[in-house]
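Scroll down for the structure; my scribbles are underneath it.
Keep in mind that what you see is a predicted model, and the values were worked out from it rather than measured. All values below come from the heavy atoms of this structure, side chains included, with hydrogens, waters and symmetry mates left out.
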Number of protein chains: 4
Amino acid sequence: MSLTIYGEQLNSRLLIGTALYPSPDIMKQAILASGSQVVTLSLKRQNPQEQSGQQIWQYIQDIVKQTNGFLLPNTAGCKTAKEVYTLAQMSRELFQTSWLKLEVIGDDYNLQPDPFELLKATDILIKAGFNVLPYCTDDLVLCQRLYDLGCEVIMPWASPIGTGKGLMNPYNLETIRTRLPNATLILDAGIGKPSDACLAMEMGYDGILLNSAVALADDPVLMARAFANSLNSGEQAYRAGIMQPRQTAHPSTPTLDTPFWHQN
Amino acid sequence: MSLTIYGEQLNSRLLIGTALYPSPDIMKQAILASGSQVVTLSLKRQNPQEQSGQQIWQYIQDIVKQTNGFLLPNTAGCKTAKEVYTLAQMSRELFQTSWLKLEVIGDDYNLQPDPFELLKATDILIKAGFNVLPYCTDDLVLCQRLYDLGCEVIMPWASPIGTGKGLMNPYNLETIRTRLPNATLILDAGIGKPSDACLAMEMGYDGILLNSAVALADDPVLMARAFANSLNSGEQAYRAGIMQPRQTAHPSTPTLDTPFWHQN
Amino acid sequence: MSLTIYGEQLNSRLLIGTALYPSPDIMKQAILASGSQVVTLSLKRQNPQEQSGQQIWQYIQDIVKQTNGFLLPNTAGCKTAKEVYTLAQMSRELFQTSWLKLEVIGDDYNLQPDPFELLKATDILIKAGFNVLPYCTDDLVLCQRLYDLGCEVIMPWASPIGTGKGLMNPYNLETIRTRLPNATLILDAGIGKPSDACLAMEMGYDGILLNSAVALADDPVLMARAFANSLNSGEQAYRAGIMQPRQTAHPSTPTLDTPFWHQN
Amino acid sequence: MSLTIYGEQLNSRLLIGTALYPSPDIMKQAILASGSQVVTLSLKRQNPQEQSGQQIWQYIQDIVKQTNGFLLPNTAGCKTAKEVYTLAQMSRELFQTSWLKLEVIGDDYNLQPDPFELLKATDILIKAGFNVLPYCTDDLVLCQRLYDLGCEVIMPWASPIGTGKGLMNPYNLETIRTRLPNATLILDAGIGKPSDACLAMEMGYDGILLNSAVALADDPVLMARAFANSLNSGEQAYRAGIMQPRQTAHPSTPTLDTPFWHQN
C-alpha cells in the first residue's frame with residue numbers, strides 16, 4: 001500500500017498542491033484530510049490578494065510537521081533549463097531538500113512541458129545531486145529518456161494543468177506503464193474528479209499529483225477525502241485483478257427451470 | 001451517507017450479487033468485505049457444478065444475518081410478465097420479503113430488459129403489494145413510467161450484464177438523474193471496475209448493483225473492498241461539488257518574478 | 001449503391017429535413033446539392049417569422065419534382081398514438097402518400113421517442129395501410145418489435161434531436177445492425193457533422209436522416225455536399241471491408257538494411 | 001480545394017503509402033483510385049516474399065507519371081539523425097527530389113517518433129537543402145520547434161503506425177491546429193477508416209497520409225475511393241462551418257396546433 005519516493009516510504013499515494021484554496025486554513029484542513037505526505041510548493045509563488053507568502057509558508061510547515069511529511073518544491077513558471085537551475089539551488093538551500101518537482105513550461109496556452117528544455121534541465125540537476133520528479137507529457141520516448149538519466153519518479157500529464165479534463169490519452173499512459181515497469185509513475189496535472197484518479201491507479205500508476213480538483217471543489221476538505229478513497233480503491237483494484245471486458249452479455253445467473261430451493 | 005430503500009436505511013450504497021464466485025466461501029468473504037447490506041439472489045439459480053443450491057442458500061442466510069442486511073430476490077431469466085408473477089409470489093412466500101429485483105429479459109444477445117413486459121410486470125407486481133426494483137435500460141421515458149407506477153427505486157443499466165464495459169451512455173444516465181431528482185437511482189449491470197462505479201456516484205446516482213466485477217476478479221475479496229472505497233469516494237465527490245472542466249490550461253500557481261519567501 | 005424504401009429505389013442514402021434553413025431558397029439549393037430524394041416535412045409545421053407555410057410548401061414541391069423524389073411527412077410534435085392517427089390520415093389524403101415518418105415524443109427535455117406510444121401508433125398505422133418509418137431510440141427490443149409489426153425501415157436516434165452530439169452509443173447501434181440484418185436501418189437525429197454520418201455508414205447502416213447539421217451550417221449548400229460525400233464514403237468503406245484495429249504498432253514498411261534499389 | 005506542398009499544388013489532399021498491398025497491381029489500382037498525387041516510398045524497403053523491389057519501383061514510377069504526381073521518399077526504420085542523413089542524401093541523388101518524409105523511430109513497441117533525434121535530423125536536413133515533412137507526435141512544443149526550424153509541413157500522428165486506432169487525442173490535435181495556423185498540417189499514421197480522416201479534415205487539417213487502412217482493406221481499390229470521398233467531405237465541412245453541439249434537444253420543427261397547409 002505504501003509508496004516509495006527516492007528512498008522515503010509514504011503511507012499515501014497522493015501528492016498535493018498548495019495553491020488556489022479559498023483560504024490557508026482550508027488548504028491545511030484539506031491536505032490533512034487527504035492523508036498526503038507530500039506537499040508541493042511553488043518556488044515562484046505570489047499571492048497578490050493576501051500579500052502573505054510568509055503566512056502560507058507557516059501553514060505549509062505546520063502541515064509537513066503534522067503529517068510527518070515532505071516538502072516538494074516545484075519550478076512552476078520556469079521556461080528554460082537555466083532559469084530552473086538557479087531556482088533549484090535556492091530551493092535546496094532554503095528548504096533543505098534535494099527533491100524537486102521539475103516544471104519547464106513550453107507553451108503559454110496549454111502550459112505543457114517543453115520536452116527539450118526538460119531533458120536538459122533534468123540532466124543538469126541530476127548531476128548537481130537533485131532528486132528530480134519531472135512533470136512531462138505522455139510521450140513514451142521522453143519518459144524513457146528521463147528514466148535513463150536517473151529519474152526514479154516520472155510524472156506524465158493526464159491533460160493540461162487546471163483543465164480537469166482527466167485522462168486524455170489512456171493508450172499512451174498504459175503504454176508508458178507497460179514499457180517502464182520499474183519507474184515510479186505519478187500522474188500529474190489534469191485530474192478533475194476522483195474517478196479519473198481511480199482509473200489511473202487501476203492502470204497500475206503509483207500515485208497521483210493534483211491541486212485544482214481539490215482546491216476548486218465547493219468543499220475542498222470533503223473532496224480531499226474523496227480522492228484519498230479513490231486512490232485506495234484504484235490501487236486495490238489493480239492488485240485484485242480487474243475482469244476483462246467482454247463484447248456480449250453474459251448472465252451472472254445461468255438459469256434452468258427449477259428454482260434452486262427445489263434442488264439438492 | 002446512508003441509502004434508503006423502501007423505508008429501510010442502509011449503511012452501504014452497494015447492492016451485490018451472489019453468482020459466479022470461485023466458491024461459496026469466497027462469496028461470503030467478498031460480500032462481507034464489500035460492506036453491502038443488500039444481497040441479490042436468483043430465484044431460478046442453478047449451479048450444475050456443485051449441485052448445491054441448498055448450500056449456497058445457507059451461506060447467503062449467514063451473510064444477511066451477519067450484515068444485519070436484506071435479501072433481494074431477482075427474476076433473472078424471466079421473459080414475460082406472467083412468468084415473473086408466478087415466481088414473485090413464490091419468492092415472497094419463501095423469503096418473507098416483498099422486495100423484488102425485477103428482470104424481464106428481452107433479448108438473448110445483450111440480455112437487455114424488455115421495456116414492454118417490464119412495465120406490464122411492474123404494474124401487476126405493485127398492485128400485488130411488491131416493492132419493485134426494476135432493472136431497466138437507460139431510456140428516460142421508461143424510467144419515468146416506472147417511477148409513475150410507484151417504483152421508488154429505478155435501476156438503469158450501465159451496459160449489458162457481464163460485459164464490464166462500464167457506462168456506455170453517460171449522457172442518458174445524466175439526463176435520467178436530472179429529470180428524476182426524487183427517484184432512488186441504482187446503476188445496475190455492466191460495471192467493470194471501481195472507476196466506473198465512482199463515475200456514476202459522481203453523477204449523483206444513489207447506489208450501484210454489481211456482481212461479475214467482484215466475482216470474476218482475481219481476488220474477489222480485495223476487489224470488494226476496492227468497490228466499497230470507490231462508492232464512498234464518488235458519493236463524497238458529488239457532495240463536495242466537482243470543479244468544472246475547462247478547455248484551456250490554468251496555472252495552479254500564478255507566478256511573478258519574486259520567490260514568495262522574499263515577500264511579506 | 002442505391003437504397004430501397006418500401007419498394008422505391010433511390011440514388012441517395014440521405015433523407016433530409018426542411019426546417020431551420022436561413023431561407024426557403026437556401027433550403028432548396030441545399031437539398032438539391034445533397035442529392036437526397038426523400039424530403040421530410042412536418043405536418044404541424046409553423047413558421048411564425050415568415051407566416052408563409054404556403055410558400056415553403058411550394059419550394060418543397062419543386063424539390064420533389066426536380067429530384068424525381070419523394071415526400072416523407074412526419075408527425076413531429078405528436079405525443080400520443082391517437083394524435084398521430086388523426087394527423088396521419090390527413091397527411092395521406094393531402095400528400096397522396098402512405099409513407100410516414102412516425103415521431104411520438106415522450107419527453108420535452110430530450111425530445112426522445114416514447115417507446116410505448118410509438119409501438120401502439122405503429123400497430124394502428126400499419127393496419128391502416130401506412131408505410132411507417134418510425135423514429136425510435138437505440139433500444140434493440142423496441143427496434144425488434146417495430147420490425148416484427150411490419151416496419152421495413154427502422155430509424156434509431158444517434159443522439160437527441162438538434163444536439164449534433166453524434167453517435168452517443170455505438171455499441172447499441174452496432175448491436176441493432178447485427179441483430180436486424182434484414183431491416184433497412186436509417187440513423188435519425190443527433191448527427192452533427194459528416195464524420196458522424198460516415199461512421200454510421202461504416203457500421204453498415206443503410207442511410208441517414210438529418211436536418212440541423214445542414215440547415216445550421218454557415219454554408220448549408222456546401223455542407224449538404226459534404227454530407228453527400230461522407231455517406232458515399234462510409235458506404236464504400238463498409239463494402240470494402242475495414243481493417244481490424246490493433247493494439248500495438250505495425251510497421252507498414254518492414255525494413256532491412258539494404259535499400260530496395262540495391263536488391264533484385 | 002487544392003493542397004500546396006513546398007510550392008507544388010496538388011489536386012488531392014491524400015498522401016499514400018506503397019506497402020502491404022496484396023500485389024503491386026492492386027497497389028497501382030488503389031493509388032490511382034485514391035486520386036493521390038503524393039506517393040511515399042520507403043528507402044529501406046524490403047519485400048522478402050517477392051524479392052522484387054525493382055518491380056515495385058517500376059509500378060511506383062508508372063503511378064507518379066500517370067498522376068502527374070510526386071515521389072515522397074521516407075526514412076522508415078531509421079533511429080538516429082546520423083542514419084537519416086546518409087539515407088537522405090542517397091535519396092536525393094537517386095530520386096531527384098529534395099522532398100523527404102522524415103521518420104526517426106524512438107521505440108520498437110509503438111514505433112513513435114523520437115522527438116529529440118527528429119529535431120536534430122530536421123535541423124541538419126533543412127540546412128542541407130531538403131524539404132522536410134517530419135512525422136511527429138501530437139506534442140505542440142515539438143510541432144512548434146519543427147515549424148520554427150523551417151518545416152512548412154508538419155505531420156503529427158493520429159495513433160501508432162498500423163494500429164488503425166484513429167484519433168487518440170483530439171484535444172492535442174485541435175490545439176496544434178489552433179496554435180500553428182500557418183503550418184500545413186498532415187495527419188500521419190493510425191488512421192483506420194474514412195470517418196477518422198473526415199474528422200481530422202473537419203478540424204481543419206490540410207491533409208492525410210495513410211497506408212495500412214487502404215492496403216489492408218478487403219478491397220483496397222474501393223477503400224481508396226472511400227478515403228478520397230471522406231477527405232473531400234471533411235474539407236468541405238470545415239469550410240461550410242459545422243454547427244455547435246448542444247447539450248439539450250432542439251426541435252427542428254417548432255410546432256403549433258395548426259398544420260402548415262392551413263396557414264397563409
Seminar exercise, completed: Those residues at least two apart in sequence (or on a different chain) that pass ring-ring contact (aromatic ring centres under 6.0 Å, His included) with C/Phe116 are B/Phe116
Exercise. Can you check salt bridge (charged side-chain N to carboxylate O under 4.0 Å, His left out) on B/Glu117 and B/Lys120, steps first, answer last?
Worked result: CA-CA 5 Å; B/Glu117 290 296 312; B/Lys120 202 191 295 177; 3.1 Å; yes
For this session: Establish, from distance only, whether the side-chain atoms of B/Gln112 and C/Asp139 form a donor-acceptor pair under 3.5 Å.
Result: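 Note: B/Gln112 and C/Asp139 side chains meet the donor-acceptor criterion.
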Exercise. Where does C/Pro160 contact chain B at under 4.5 Å (heavy atoms): side chain, backbone, both or neither?
Worked result: side chain
Seminar exercise, completed: With chain C, the option among B/Lys165, B/Gln144, B/Met168 that has the most non-hydrogen atom pairs under 4.5 Å is B/Met168
Exercise. Any idea which of B/Thr178, B/Asn110, B/Leu140, B/Thr175 has the most non-hydrogen atom pairs under 4.5 angstrom with chain C?
Worked result: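 Greatest number of close heavy-atom pairs with chain C: B/Leu140.
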For this session: Report the relative orientation of the aromatic rings in B/Trp99 and B/Tyr6; use parallel for angles under 30°, tilted for 30 to 60°, perpendicular for over 60°.
Result: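 The arrangement is tilted - the two ring planes meet at 30° to 60°.
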For this session: Might you work through the salt bridge (charged side-chain N to carboxylate O under 4.0 Å, His left out) test for B/Lys79 and B/Asp114, ending with a clear yes or no?
Result: CA-CA 8 Å; B/Lys79 296 193 170 177; B/Asp114 179 327; over 6 Å; no
Exercise. Given the options C/Asp138, C/Asp107, C/Thr137, which has more heavy-atom pairs under 4.5 Å with chain B than any of the others?
Worked result: C/Asp107
Exercise. By a 4.5 Å heavy-atom criterion (distance strictly below it), what part of B/Leu119 contacts chain C: side chain, backbone, both, or neither?
Worked result: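 For B/Leu119, the side chain is the part near chain C, not the backbone.
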